[in-house]
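For reference, the structure discussed in these notes is given below.
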Amino acid sequence: MKKSVVILDLGTVYLTESQQAWLARMGEAVIYDRTSSEEMLDRLRGVEIALTTKCPFDAALLDQLPDLKYIGVLGTGYDMIDVAAARERGITVASVPTYCTAATAQHVFALLLAMTNHVGSLSTGVRQGRWCEADDFSYWDKPLEELEGMSLGIVGFGRIGRKVAKLGDAFGMEVIVRSRSGEEFREGYVARPLNELLGMSDVVTLHCPLTSETHQLMNEERLSLMKKGSRLINAGRGKLVDEAALAEALRSGHLRSAAVDVLSSEPPSPDNPLLNAPNCIVTPHVAWATTASIGRLLDTVLDNLESYLKGEPKNEVVDFEKEEG
């Protein structure tokens, strides 16, 4: 690979030994585990190809990088890149749209089952001796609930949303999908406008892109529209949710529980309101990170880059403000 390549934050991917061979295929790339915003300009001067997971590229930075021609995202989301500004400057932006579909949908249901079956807390209780001290053959301290018959509201019906819908089907849930037009989807699921979906769903899960329209989509007003005693799951983007408002909805008891894999700032500040909110499960942005998923990610990143170098770019992204949620 003869072009100048810089990988800005490969450390966030946590490569296994079996994936180290991927680096050999990258040629003479300069690799950094992590790069701060302040370090980006110096590290990218004279560089044609940049690969990143989360480093931000705004118009002001791009103006100072006349040699940059390609930004490859090690992931699906690219809201940290000003895609319109990149296009105006002739810079190709490519992402990996499908690598973690199965993994993320699986994690959504891991979160949901944690809220309904309480496997983690029950196992902890057993290790603490609570079963040994019980009067009967069995004990539980929270209601155990079946997913069959519950309504599952999906906000964002792209690849991941559709996979979540199929898993909901398998559990016997009634799937409701947000529809801006009010039209039914060809898959046959119930389609409703957002506010109506919120009032109908026992569980709401978020899978829409982060745009100016969806920023804090779940604010105080919309959380209040959710069915009393329902649950919210966010494995999409942290900024889809007003975290203070969600914490209050949990404290007030309006929502029974919530589970999130993403927060508005990552790693979070210790005072993030969801870290201490009642009945709130927080996992550290790992829905994407199965071993199989990371393998697909790295293979596709390299395939995207090799295709670009051949003059046939793959998985080139559009302006995310125009994406359908």
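Computed from a prediction, not measured in an experiment: that's the story for all the values here.
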Practice problem: Would you mind listing every salt bridge (Lys or Arg N to Asp or Glu O under 4.0 Å) that reaches into residues 52-67, with sequence neighbours excluded? | Solution: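 Matches after skipping sequence neighbours: Asp63-Arg89.
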Exercise. Not counting sequence neighbours, list each pair that qualifies as a salt bridge (Lys or Arg N to Asp or Glu O under 4.0 Å) and has a residue in residues 233-250.
Key: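 Those involving residues 233-250 are Asp79-Arg237, Glu248-Arg251.
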Listed pairs under 3.5 Å, donor-acceptor, residues 101-108 side chains, sequence neighbours left out:
from   : atom 1 : to     : atom 2 : distance (Å)
Thr101 : OG1    : Thr98  : O      : 3.3
Thr104 : OG1    : Cys100 : O      : 2.9
His107 : NE2    : Thr283 : OG1    : 3.0

So, [X] versus [Y]: side-chain donor-acceptor pair below 3.5 Å or not?
{"X": "Asp9", "Y": "Thr52", "value": "yes"}
{"X": "Tyr99", "Y": "Asp299", "value": "no"}
{"X": "Ser151", "Y": "Asp202", "value": "yes"}

[X] side, atom [atom1]; [Y] side, atom [atom2] - distance, nearest 0.5 Å:
{"X": "Ser123", "Y": "His118", "atom1": "OG", "atom2": "NE2", "result": "14.0 Å"}
{"X": "Leu217", "Y": "Asn234", "atom1": "CG", "atom2": "CG", "result": "10.0 Å"}
{"X": "Phe137", "Y": "Trp131", "atom1": "CZ", "atom2": "CH2", "result": "9.5 Å"}
{"X": "Ser230", "Y": "Leu255", "atom1": "OG", "atom2": "CG", "result": "5.0 Å"}
{"X": "Leu61", "Y": "Asp82", "atom1": "CG", "atom2": "CG", "result": "10.5 Å"}

Exercise. Determine, using the 4.5 Å side-chain heavy-atom cutoff (strictly less than), whether Leu275 and Val286 are members of one ILVMFWY cluster.
Key: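 The answer is no; the residues belong to distinct hydrophobic clusters.
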Practice problem: Give every residue pair that meets the ring pair (Phe, Tyr, Trp, His ring centres under 6.0 Å) criterion with at least one member in residues 223-248, sequence neighbours excluded. | Solution: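 Every pair satisfying ring pair (Phe, Tyr, Trp, His ring centres under 6.0 Å) with a residue in residues 223-248: there are none.
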Self-check item: Contact list for residues 48-73, test ring pair (Phe, Tyr, Trp, His ring centres under 6.0 Å), sequence neighbours left out
Solution: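 Residue pairs passing ring pair (Phe, Tyr, Trp, His ring centres under 6.0 Å), neighbours aside: Tyr70-Tyr308.
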Quiz item: If you take all heavy atoms of Val262 and Glu266, which pair is closest and at what distance?
Solution: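 It is CA-OE2, 3.2 Å.
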Quiz prompt | Smallest separation among heavy atoms of Met150 and Thr116, with atom names | solution =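 Here Met150 and Thr116 meet closest at CE-CG2, 4.3 Å.
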Self-check item: Set of residues satisfying ring pair (Phe, Tyr, Trp, His ring centres under 6.0 Å) with respect to Phe171, sequence neighbours excluded
Solution: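 Here the qualifying residues are Phe109.
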Practice problem: Kindly determine whether Leu309 and Ile49 satisfy side-chain contact (heavy atoms from CB on, under 4.5 Å), including the steps that lead there. | Solution: CA-CA 10 Å; Leu309 293 173; Ile49 296 166; 3.8 Å; yes
